[in-house]
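So that the names make sense, note that chain A is the first sequence line, chain B the second, and so on, each numbered from 1.
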Amino acid sequence: MTGTSFIFWIVALLTVGSAAGVVFSKNLIYSAISLLFCLLGVAGLYVFLWADFIAVTQILIYVGGILVLIIFGIMLTHRITNVRLSHSSIQQGVGGAIVLAIFAGLSAMILDAPWYLSSAEEPTETVREIGRMLMVDYLLPFEVASILLLAALMGAALLSRKVD
Amino acid sequence: MVGLNTYLIIGAILFSLGMFGVITRRNGVAVLMGVELILNAANVNFVAFARFGGMDFTGHVFSLFVIILAAAEAAVALAIILNIFNSLGTVNIDEANQLKQ
Amino acid sequence: MINYGIAILLLPLAAFVTQIFVGKRLPRNGDWVSIGAVTITFCLSLAMFGVMLVKYDPDFVIDEAWQWFDLGSLTVHLGILIDNVTVVMLLVVSLVSTLVHVYSTSYMEGDPRYSRYFAFLSLFTFSMNGIVLANNLLGIYMFWELVGLSSYLLIGFWFEKNSASDAAKKAFLVNRVGDIGMFIGIMLFFTSTGSFLFSDVFAGVESGLFSTEILTIAGLCLFAGAIGKSAQFPLHVWLPDAMEGPTPVSALIHAATMVAAGVYFSFRLFPIFTPTALIVIAYIGGFTAIFASIIAVTQNDIKKVLAYSTVSQLGYMILAVGAGAYTYGLFHLVTHAAFKAGLFLCSGSVIHAMHHAYHELHDHESDPQDMRNMGGMKDKMRTTYLTMLICTVALAGVPFTSGFLSKDAVLAGTLSLTMHHPEHFLLVVFGFGAALLTAFYMFRLVFMTFYGEPTRREVYDHIHESPSPMTAPLVTLATLSFFLFFTLPNLNPFSDHGWFTTLIQAKDSVVPGHLNPTAHEIAEGMHHAHTPAMILSILIAFGGIGLAILMYLQKKISADDMAARLALPYKLSLNKFFVDETYQRYLINPSLAFSKVVAFLDWELYDKYVINGLGKVTEWFSRVVGIRWDYNVLDQQIVDGVGRSTRFFGAGLKFVQTGKVQNYLVWVLVGVIMIYVFQAVS
Amino acid sequence: MSFNILSWLVWLPVAGAITILFVPRDKADIIKWVAAGFTGLQVILTVVLWMNFNKDHVGFQFMEKASWIPSFNISYMLGVDGLSIPMVVLTALLSFLCIFVSWKIDKAPKGYFSLFLLLDAGMMGVFLALDFFLFYIFWEVMLLPMYFLIGMWGGPQREYAAIKFFLYTLFGSVLMLIAILALYFSCGRTFNMIELVEIAPTALGTLSWWGFSGLKVVWLLLFIGFAIKVPIFPFHTWLPLAHVEAPTAVSVILAGVLLKMGAYGMLRINFPMIPDGTVWFAGALAVLALINVIWGALCALAQTDLKKMVAYSSINHMGYVMLGMAAVVASGTQHGSNSAAAQLGMNGAVLQMFNHGTITAMLFILVGVVYDRTHHRNIDGFGGLASKTPIYAGVVALAWFAGLGLPGLSGFISEAMCFLGAFPVYRTIVMISTLGILLNAAYFLWSYQRIFLGKLNEKYANLEEINGRELFTLVPLAILVILLGVYPSPMIDVMKTTMAHIVELVQVSPLLNVN
Amino acid sequence: MGNIQSISYFIPELIVTAVVLVAVVVDLIVSERNVHRIGYLVIGGLAIASFALWLSPPEESSTLFLGTIVIDPFSRIFKFVFLLATIVVVMMSMNTDELKSVRTGEYYALMAAMVLGMSLMASSVDLIMIYLSIELVSIVSFILAGYLRAQVRSNEAALKYVIYGAFSSGLMLYGLSLLYGLTGTTKLLELGSAVAALGPGSELALTVATILIMAGFGYKVAVVPFHFWTPDVYEGAPTPVTAYLSVAPKAAGFALLIRFFNSVFGTGQPLNGAAWEAIEGVPWQAILMMLAAITMTVGNLIAIQQDNIKRLLAYSSIAHAGYILMAVPVLSQDGIYAVIFYIIVYLFMQLGAFFLAIVVSNRYDTETIDDYSGIGWKSPYLGFFMAIFMFSLTGIPPTAGFIGKMYLFAALINGGSQFYWLAIVGVLNSVISLYYYMRIVKVMYFEGEREKNLYRPAGASAAIILATGIPSIFFGIRWSFLADWVNSSLKFFVSGF
């Protein structure tokens with residue numbers, strides 16, 4: 001086992017482990033913290049996948065944006081004095097069974113499927129290519145995304161406004 | 001060298017855990033975290049496929065859009081959860097059940 | 001002639017229509033319309049009769065048919081057949097009808113539905129003439145049912161009495177049973193010949209279109225109609241009940257004419273009956289003759305006695321057809337029409353008198369028809385007594401009467417048959433036995449009514465002879481009971497040779513293969529049987545009369561003793577062999593019960609549970625789903641009666657919709673897995 | 001022909017309905033007279049139609065055709081032939097009379113009469129449409145006014161009856177829709193009935209439904225649609241309920257016209273278009289007819305509700321129609337000439353449809369007359385009415401005897417024709433079903449006895465005699481019943497050419513020649 | 001076509017975008033009192049967009065923006081549907097009492113944004129674009145469903161909707177990623193041939209991807225078992241929004257579904273008359289047939305149980321989705337024809353029915369069916385049109401609903417014998433649906449008595465009722481124009497670039 005792959009496995013384990021923490025932890029804050037590590041781990045995986053730009057975006061938007069949003073959400077919906085911030089689960093039995101079944105199916109599929117494979121060199125630069133695609137090939141989605149964000153912004157502001 | 005399948009399996013695990021979280025968590029915020037896990041699972045897939053499919057940047061672009069959308073969605077969802085909290089005083093999804101008939 | 005026929009047919013119909021619509025507004029409630037119509041009919045018939053006598057041609061026939069409807073490939077014709085038989089029948093019908101009309105003006109006087117009564121009588125005359133004139137099976141069937149209708153209307157004329165309306169219904173339904181058989185027979189013949197006309201059917205039979213078996217069945221099916229109409233066993237039950245109608249009606253319809261239609265029909269059809277069919281017919285006739293006369297012996301209601309007597313005499317006629325002496329069956333029909341109508345009208349006269357007597361005494365309880373309430377009336381009702389005696393003698397078959405001639409011929413035919421086929425000796429026993437009993441019970445009737453001491457003096461004192469409109473017909477009919485009218489131009493009282501036997505001659509059977517004896521062979525056989533039959537029948541007639549004298553006039557033998565000694569036969573006879581009770585118990589009640597069951601099945605089971613409930617399965621299914629996944633089963637079970645099960649099924653699914661979003665999501669995943677499994681399986 | 005008489009027949013009632021909508025709602029008399037006027041005009045038009053009808057013409061007359069939806073090859077096409085003209089006359093006559101039967105309706109007369117006229121238009125349309133699609137539209141459109149008429153003006157269980165009727169018939173008609181579409185596509189995309197008759201007998205041969213022969217399935221789907229209307233056992237349970245709950249005039253229309261549509265549809269569509277299916281199913285049809293006859297009669301016998309008894313009698317009588325129709329397969333020589341039995345049966349069936357229409361209309365009107373006066377229909381609850389209301393009793397007797405098939409009244413000859421037609425093919429079945437005429441007589445006479453005979457029930461000592469308006473509605477029917485009973489030729493002459501043609505079309509089926 | 005050239009074909013969408021932006025800006029400026037006037041602004045803007053769409057070449061068929069979307073007659077007719085539905089719903093929103101208490105400027109802006117999203121759904125040919133457009137529609141829907149912040153049930157509707165929506169789109173996204181992984185492309189027009197070229201062994205992965213993607217689409221068109229959000233959301237959301245959700249996004253979902261399955265899992269025929277075929281290995285046709293059958297049955301059966309008119313219409317809309325879905329797996333021109341025709345007809349009758357529910361709720365303050373008692377007498381106008389809509393939804397001639405259904409069944413019958421059972425299930429479901437639709441008619445007419453003071457809606461309300469009611473009848477009698485139009489719209493853009 002090379003060092004790279006050792007690190008990879010660490011990251012992978014971190015990702016999976018903290019993902020489990022997110023869904024199994026009894027404390028909401030712990031869940032949030034686990035999510036942080038999970039997202040970081042995913043970013044790490046991106047690095048291994050030669051997607052440095054995505055990794056950075058992941059950290060910026062996910063960790064810096066979404067996670068903060070989530071923690072704000074927790075804070076706003078729980079009194080800070082409430083130390084435990086415990087939260088419980090329902091239908092774990094049936095849910096677990098179903099999810100396990102699905103996971104089993106997915107695994108079988110993953111190992112079985114003839115994925116589209118093509119060897120490639122590690123790109124020296126990813127940002128330029130991604131930028132070109134966003135500005136040329138995917139210009140329309142890019143613009144639509146802005147409308148979407150505008151709508152979401154409007155909506156979020158509208159909905160979280162105090163009822164007059 | 002770690003192969004494609006490893007990433008996919010990791011993705012599948014994240015996906016499954018995400019689903020599990022969404023299904024089982026009572027707290028709305030926690031449910032949202034589950035959703036994020038699912039989206040991340042898909043993203044891992046996209047990036048992994050991009051990497052092993054000849055370094056196709058389409059996958060990267062896709063995952064970028066997913067991240068953006070996740071943010072938008074999270075914002076709206078949290079706004080809604082806050083709203084629920086304001087009116088019901090709880091964020092437990094199963095207690096938001098006035099519509100049950 | 002054909003115009004006469006049409007006029008005879010339509011005049012009574014016109015009278016009926018007039019009476020129904022404007023009868024009440026006419027003077028005398030319009031009875032003169034009906035009487036006029038029927039009298040003209042009688043005159044026309046008489047004219048036809050005259051023509052017939054002038055021609056004096058046994059083969060005289062007019063057969064004309066008109067298209068009724070046309071289907072292109074098939075044309076249905078109806079028409080009129082006039083031959084000597086028709087003329088004689090028309091004369092009988094119109095004569096009796098006219099007399100009854102006249103009689104009724106007095107008998108029915110003051111009835112609130114007087115005009116309607118005459119309308120119905122006219123309707124009957126029309127229908128009966130139709131039967132007689134029809135030259136085809138369908139036409140006969142149609143008028144057959146129409147006489148049934150008029151019979152229904154007249155039996156139920158006093159419908160306020162439940163017994164009358166019951167009897168009317170019974171008459172119609174029992175007749176319909178026979179008619180169904182008749183219709184099937186018609187269908188059988190029509191299917192192969194494509195025509196209803198007698199001529200076509202006979203030609204078809206002769207050319208061998210039918211196998212013997214089919215012919216037997218078809219013939220018997222047609223005969224079933226005669227069983228019903230002529231009240232043969234086992235469909236005789238309606239006739240005694242039909243006495244609920246006014247007595248003139250009984251005389252006209254239920255003695256002289258309509259009930260004889262079956263005989264007439266069998267007469268017409270004789271050429272197509274196979275030997276098997278004929279034997280069955282003979283047995284039915286013979287059995288009915290003895291069976292009904294046994295019952296008549298013990299009846300106390302004057303009209304019931306006559307009714308069973310009619311059944312018995314009809315049995316004779318049918319027996320004659322079965323025995324091959326079918327022209328003599330018709331002969332008996334004609335002679336019987338006169339004296340039996342006379343008997344009924346006489347009894348009507350008696351009843352009328354009794355009724356008035358009771359009426360004057362304000363006695364509404366006693367039965368004016370019960371012979372036990374009568375007695376000694378011969379002095380008070382001279383005309384009635386005498387005419388009735390003459391008719392009774394005729395019915396008993398005493399020489400010098402018409403009844404003697406015809407009955408003797410029938411018995412001769414039977415004897416001849418038995419001589420050729422000794423295995424059918426029972427027929428002779430039936431025939432002569434019935435003759436004995438007939439003589440006995442008829443004189444019993446006369447003695448109980450007119451002789452002896454009156455049962456109640458005060459009633460006796462109020463008895464008066466009936467008015468002349470009533471007695472005149474009696475006299476006419478009694479006169480016609482003498483042999484003379486039937487043997488002219490011959491005057492031999494012991495031989496039936498005369499215009500009748502000359503003009504109405506038997507025809508050969510058209511059944512192929514010479515299975516039946518020819519007319520000549522039958523005549524031959526009868527000729528040989530004639531003398532023994534005559535001697536025997538005279539003896540028997542006097543034997544029966546003598547017995548009656550001993551028991552009821554001189555009271556040498558106590559009737560009660562006899563009854564006690566013959567307890568079982570007496571009981572059977574008195575109760576008419578429990579035929580009605582048997583039918584009620586084993587046919588009618590089960591049918592009604594069955595109809596209730598069917599209606600229950602249809603409405604309470606099929607509709608309620610199969611149609612309205614899409615099945616217990618769905619209900620069960622919804623319950624399983626409900627209990628398994630929902631906490632609020634009870635909340636949901638608000639089911640209004642409408643569309644119950646569909647709602648139930650719907651309810652089951654509604655339980656899944658619990659409102660818990662995560663529960664839904666589990667379902668989504670389950671769905672995903674299910675779809676996967678579904679595709680993997682397929 | 002410049003004057004489109006058939007279109008006038010169909011759209012005149014619609015015009016009447018629209019006119020009524022403009023009459024102020026409190027002017028009930030005007031509304032009624034408008035309705036009477038328009039339906040009366042319709043009757044006059046049918047008389048004109050009848051006079052100008054060419055009896056010897058094979059095929060349709062007074063055809064009208066206009067393009068409607070070219071892209072789906074749907075056209076507006078009307079025509080009349082010997083099969084439809086009796087039905088058209090019946091519809092017009094009954095609609096007209098029913099306006100007077102409904103004279104006493106006081107709840108929302110505006111709605112009632114306009115719906116009634118729409119119903120009239122729908123029925124006319126069904127009998128006149130020659131485009132299958134148009135036919136279906138009219139078929140369904142008729143349900144709507146019927147639903148409202150039963151549901152709004154009916155008896156105590158009217159809501160249940162209305163929805164049950166609607167569900168039942170819709171069930172049948174949607175299956176029919178599938179069959180119509182199957183025919184449409186397998187016959188080269190046409191709804192034109194005339195073309196379908198030419199194409200369909202061979203075109204369906206190749207169709208297969210999961211291994212079943214397509215033509216049988218299509219035949220059955222159509223059959224179920226029509227059988228529900230007839231109604232044929234076991235699709236009959238809507239009928240007693242709907243008839244009982246509906247107001248009198250609507251019961252008259254239901255029994256008098258609607259039931260005929262089922263049989264009409266079979267004769268117009270199933271028989272000529274899918275002769276193979278017809279031949280294949282004819283035996284079963286005869287059995288179903290037998291069940292209808294016996295089952296309907298037994299149920300009628302057991303009823304205590306007079307109207308329900310009459311309703312079941314309709315089931316019983318429509319059985320005869322089916323029996324006559326089943327005779328269509330009688331090929332070869334019977335009754336002495338070629339396919340005569342088939343023609344006898346088929347003509348008998350159509351004649352019976354018409355006659356049952358008039359007779360049952362009388363029956364229902366008469367039930368309505370007594371119900372209006374006594375407010376109940378319990379057969380055992382009357383007694384001896386004949387002595388109080390002799391005219392009424394007389395008319396009832398006429399109708400009752402017509403119902404039980406008394407010769408001389410119209411029911412007899414058509415029933416006899418049905419029997420005679422079916423007899424060569426289905427001996428046993430016909431023999432058993434003749435029991436039906438005994439049961440007919442039993443329930444009619446028994447009910448007549450219980451209502452009219454015997455001692456007068458003191459409750460009804462002041463019962464009113466039938467009035468002029470009611471007699472007016474009955475007399476035309478009575479005249480028809482008697483006339484056609486004595487001399488059926490006018491009706492038979494009109495239809496025989498068409499019926500012969502239909503028989504011919506059915507008997508081309510190769511299945512027949514195998515036997 | 002390149003980005004710059006594409007703009008000239010993108011004008012209607014650009015106008016819609018402009019409407020969104022203008023509405024947002026105007027909302028910031030105008031006073032509280034006049035804020036509802038933004039509705040007119042949006043209506044005007046959408047009308048202009050419609051006009052622009054009308055002017056656009058109807059037969060034009062090409063890709064835009066470097067293969068992210070296409071314009072073709074197929075998407076064009078759907079865009080009309082979206083615009084029309086939105087205009088009607090905006091008008092409805094301006095006439096409902098429910099929205100009187102809240103500030104509606106953003107509401108109308110969001111509606112316009114929805115049109116943009118749906119238009120893109122109907123014309124996307126790139127997985128990224130597909131995902132993005134679905135999300136745009138979803139997120140706007142979440143917000144609209146929760147628009148009545150003061151009402152708990154509206155909040156709840158939004159919460160359920162967002163969780164459900166996020167979850168479903170997550171599943172779909174995962175499925176899309178698998179598809180991408182199998183083929184290495186996101187372009188729909190390439191995916192078809194790429195999928196077809198996949199060797200054996202790919203069936204499992206393709207099936208999983210199909211099912212997961214179907215979960216996303218199914219959620220959008222509310223197909224069983226992805227329908228669970230519908231009743232709660234429909235009941236909780238403001239009624240006009242419910243009406244909107246039950247029509248427009250569904251239509252968009254179907255447009256997307258058809259295009260997606262045609263291109264990716266079919267042989268990609270341009271609807272030129274020939275039936276196309278499904279690729280081998282993935283039985284998505286059978287799955288869709290199954291889902292269609294289950295969907296309509298479940299929708300109808302549960303609808304029977306409903307006592308609330310909105311819930312009833314919600315469930316019935318599930319059933320209608322099932323009917324529409326029936327014709328999709330036929331894979332023929334007839335099938336798509338029927339789908340489009342039905343959607344157009346459905347738009348009128350469903351929006352009409354919802355609007356009448358709004359009018360009744362405004363006037364009589366009830367959503368309970370039993371409280372509709374006697375409305376036919378109190379207000380013949382409302383009763384008549386409600387009855388028309390109910391008949392049309394059931395599919396009884398002479399209403400447009402019947403014609404729509406007829407086309408659906410026709411497509412199935414013409415499709416071949418494997419579809420007959422589905423047709424029979426479909427017609428039987430129509431019969432079931434009769435029961436609950438007629439219940440409303442029954443309550444309206446069979447109960448109650450004539451009243452003195454009749455209620456007659458006026459002004460805009462009457463206009464909306466007529467605008468939906470008249471087509472519901474008219475298209476049942478003369479639909480040639482519509483038929484021809486739909487017929488001419490049956491063209492996909494399919495060839496590669």
Side-chain angles (χ1 to χ4, degrees), chain C residues 20 67-74 113 116 138 141-146 148-149 152-153 156 159-162 164-166 168-169 172-173 176-177 179-180 183-184 186-188 190-195 200 204 591-592 594-600 602-603 606-607 610-612 641-643, chain D residues 159-160 163 167-168 234 236-237 240-241 295 298-299 301-303 312 334-341 343-344 347 384 386-387 390 394 401 406-408 412-413 416 419-420 423-424 430-431 434-435 437-439 441-442 445-446 449 452-456 487-489 492-493 496-497 499-500:
Chain C
I20 276 286
Q67 174 183 319
W68 194 32
F69 61 83
D70 168 42
L71 291 177
S73 63
L74 178 86
R113 291 190 289 272
R116 194 113 46 95
L138 190 68
Y141 180 82
M142 288 168 66
F143 287 113
W144 200 261
E145 291 249 309
L146 283 178
L149 167 71
Y152 171 83
L153 294 171
F159 58 76
E160 286 89 346
K161 278 196 295 181
N162 280 329
S165 65
D166 277 337
K169 184 182 67 182
F172 198 93
L173 290 180
R176 261 248 153 136
V177 175
D179 292 356
I180 286 178
F183 192 74
I184 292 174
I186 291 175
M187 288 196 285
L188 279 166
F190 185 75
T191 299
S192 297
T193 61
S195 172
D200 293 344
S591 301
L592 286 179
F594 182 62
S595 83
K596 290 258 186 283
V597 169
V598 168
F600 178 81
D602 189 71
W603 201 242
Y606 175 66
D607 186 58
V610 180
I611 297 294
N612 284 3
V642 185
Chain D
E159 294 177 5
Y160 173 48
I163 192 69
L167 282 173
Y168 238 117
H236 65 287
T237 59
L241 188 72
W295 189 271
L298 283 173
C299 286
L301 189 58
Q303 297 310 317
Y312 272 111
Q334 319 86 12
H335 302 335
S337 51
N338 198 32
S339 75
Q343 293 187 28
L344 201 52
N347 280 290
S387 48
F401 276 103
L406 188 80
F412 165 73
I413 181 59
F419 282 132
L420 285 167
F423 188 73
V430 173
M431 283 193 202
T434 48
L435 265 185
I437 62 176
L438 175 66
L439 292 168
L445 291 183
W446 195 29
Q449 184 192 17
F452 291 101
L453 309 183
K455 278 221 167 24
L456 178 65
Y487 193 57
S489 268
I492 291 174
D493 284 347
K496 68 182 177 194
T497 315
M499 300 322 290

Participant: Between Leu188(C) and chain D, with a heavy-atom cut-off of 4.5 Å, which part of the residue counts as in contact: side chain, backbone, both or neither?
Facilitator: both

Participant: Mind ranking Ala500(D), Gly408(D), Ala416(D) by heavy-atom pairs under 4.5 Å with chain C and telling me who comes out on top?
Facilitator: Ala416(D)

Participant: Side chain, backbone, both or neither: which part of Ile492(D) has a heavy atom under 4.5 Å from chain C?
Facilitator: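 Only the side chain of Ile492(D) comes within 4.5 Å of chain C.
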
Participant: Can you tell which part of Gln303(D) gets under 4.5 Å to a heavy atom of chain C, answering side chain, backbone, both or neither?
Facilitator: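 The answer is the side chain of Gln303(D).
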
Participant: Where on Asp166(C) is there a heavy atom nearer than 4.5 Å to chain D: the side chain, the backbone, both, or neither?
Facilitator: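 Both backbone and side chain.
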
Participant: Do Gln343(D) and Leu74(C) have side-chain heavy atoms sitting under 4.5 Å apart?
Facilitator: no

Participant: Does any non-hydrogen side-chain atom of Trp603(C) lie less than 4.5 Å from one of Leu241(D)?
Facilitator: yes

Participant: Return the orientation label for the Phe412(D) and Phe183(C) ring planes: parallel under 30°, perpendicular over 60°, tilted otherwise.
Facilitator: perpendicular

Participant: Quick check for you: to the nearest 0.5 Å, what is the distance between Phe423(D) atom CZ and Phe190(C) atom CZ?
Facilitator: 12.0 Å

Participant: Does any non-hydrogen side-chain atom of Tyr168(D) lie less than 4.5 Å from one of Thr237(D)?
Facilitator: yes

Participant: Quick check on Tyr141(C) against chain D: is it the side chain, the backbone, both or neither that has a heavy atom closer than 4.5 Å?
Facilitator: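 Answer is both: backbone and side chain atoms of Tyr141(C) are under 4.5 Å from chain D.
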
Participant: Checking Ala441(D) against chain C: side chain, backbone, both or neither under 4.5 Å from a heavy atom?
Facilitator: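 It is both, since atoms from each part get that close.
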
Participant: I'd like to check Leu146(C) versus Leu406(D) (side-chain heavy atoms, cut-off strictly below 4.5 Å). Are they in contact?
Facilitator: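 Contact flag for Leu146(C)/Leu406(D) side chains = yes.
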
Participant: Relative to chain C, which of Glu159(D), Met499(D), Lys496(D) shows the most heavy atom pairs under 4.5 Å?
Facilitator: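 Counting heavy-atom pairs under 4.5 Å, the top option is Lys496(D).
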
Participant: Any donor and acceptor pair, going by atom type alone, linking the side chain of Ser489(D) with main-chain N or O of Trp68(C) inside 3.5 Å?
Facilitator: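 At least one qualifying donor-acceptor pair exists.
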
Participant: Below 4.5 Å from any heavy atom of chain C, which atoms of Phe401(D) appear? Answer side chain, backbone, both or neither.
Facilitator: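 Contact with chain C: side chain only.
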
Participant: Check each atom of Ile413(D) against the heavy atoms of chain C and say whether the ones under 4.5 Å are side chain, backbone, both or neither.
Facilitator: side chain

